[in-house]
Number of protein chains: 2
Amino acid sequence: MEFYNSTMRKNGLDDTDRQILTLMQGNARISNAEIARQVGKAPSAVLERIRKLEVNGVILGYETRINPKALGLGLTAFTYVHAEDAVGSTRSGRELAELPEVLEVHHTAGQDAYLIKVRVGDTEDLGKLLRKIGSIDSVRDTRTTIVLGSVKETIELAITNDTQD
Amino acid sequence: MEFYNSTMRKNGLDDTDRQILTLMQGNARISNAEIARQVGKAPSAVLERIRKLEVNGVILGYETRINPKALGLGLTAFTYVHAEDAVGSTRSGRELAELPEVLEVHHTAGQDAYLIKVRVGDTEDLGKLLRKIGSIDSVRDTRTTIVLGSVKETIELAITNDTQD
DNA sequence: GCTGAAAGTGCGTACTG
DNA sequence: CAGTACGCACTTTCAGC
């Protein structure tokens, strides 16, 4: 059993780290100096914390969200891919991950099933992609749900100051 | 029927814009000067383009990807939420979007169904969340798929130089 | 739409407490 | 770990093409 004080809790993140993460989450291009002002610390101290968050794997990366429609990718879909991998293998998953239209590949608790998120131009492109996926050896069948519209789409996580561990 | 030349194609994005987007997509904190060097233009010209991409809605934002486990959010799940909204309404969708554990809310082609992506700490949290969702008036039932592991998870889109429109 | 110059600001290092 | 100081690099604006 470990004990934590009010500023140093789970995973070694203290309140300042959480403030930094909250600021950067919604605006990855915020300047270091601006973060420093808002958390009330020196820029050098903030920079050191950010570097540490990066090397410790807390910050995984900085991504620019591009409007898919601007690139002609107006159709989003989710597809369950039923595969026949050897036990413990994610071979099919890795093959799926190589396709640029496939943005996410999740191994699910269903029997050897992957849930993938894809973005393509139109239903014709989707058809082509599904045929390509279907032609992968270990893939048995697929079941696709087309997205009509997205009400919310973010990677921002709730950063709480829970006293709970 | 419109005509485009080799550097000005769909949506008014030329090759330089696509280079900029490609560079920023994988590293939102890249400096303006570094982009300028890589695309072979003056920093001021690059800055002007970025601003234009922002106001034109091509760039939707800059996000920091945080390791969910570092925040105690080790469980990802996808849930189909079957709702009874009035025709054309996304009332349930907007209510779902307000929950911080819910990262994505997609309206699907299924009968009044939403597909949502959620991140929580553990199965107990998931249970709580599903009860909360179930208590929304217009929500009829839910069906959840738990993610065992994610092989790929990105928002990066394929930026091609297709001659095709 | 791009360049280049100029002014302001921020960054990253070194060093101190 | 945090703060100060400093030189260099970067950002941003603007005039001119």
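This one's a predicted model, so the numbers in the text were calculated from it and none came from an experiment.
- Side-chain nitrogen and oxygen atoms of B/Arg37 include at least one within less than 4.0 Å of the OP1 or OP2 phosphate oxygen of D/dC10.
- Atom C1' of nucleotide C/dC2 and atom NZ of B/Lys52 are separated by 11 Å, given to the nearest angstrom.
- A distance of 11.0 Å separates CG in B/Asn67 from CD1 in A/Ile59, rounded to the nearest 0.5 Å.
- For the pair B/Ile35 CD1 and D/dT12 P, the interatomic distance rounds to 11 Å; values are reported in whole Å.
- Counting to the nearest Å, the C1' atom of D/dC10 and the CD atom of B/Glu34 are 12 Å from each other.
- With rounding to whole Å, B/Ile30 atom CD1 is found 20 Å from C/dG10 atom P.
- For residues 32-43 of chain B, every residue pair satisfying the salt bridge (Lys or Arg N to Asp or Glu O under 4.0 Å) rule, not counting sequence neighbours, is listed here: B/Glu34-B/Arg37.
- Atom CD in B/Glu54 sits roughly 13 Å away from atom P in D/dT11 (whole-Å rounding).
- For the pair B/Asn32 CG and C/dG4 C1', the computed distance is 15 Å after rounding to whole Å.
- The ring of A/Phe78 has its center closer than 6.0 angstrom to the ring center of B/His106.
- Between B/Arg49 and B/Asp14 there is a salt bridge, since a side-chain N of the basic residue sits under 4.0 Å from a carboxylate O of the acidic one.
- The two residues A/Ala83 and A/Tyr114 come nearest to each other via the heavy atoms CB-CE1, 4.1 Å.
- For the residue pair A/Tyr62 / A/Glu54, a side-chain donor-acceptor distance below 3.5 Å is found, with atom types taken as modelled.
- If you check every strand for non-hydrogen atoms under 4.0 Å, A/Arg29 touches nothing.
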Please list, for nucleotides 3-7 of chain D, all pairs of protein and nucleotide N/O atoms separated by less than 3.5 Å.
| unit_1 | atom_1 | unit_2 | atom_2 | d |
| --- | --- | --- | --- | --- |
| D/dG3 | OP2 | A/Ala42 | N | 2.9 |
| D/dT4 | O4 | A/Ser44 | OG | 3.2 |

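- The CG-P distance, from B/Leu47 to C/dG4, rounds to 16 Å in whole Å.
- Rounded to an integer number of Å, the gap from B/Asp17 CG to C/dG1 P is 9 Å.
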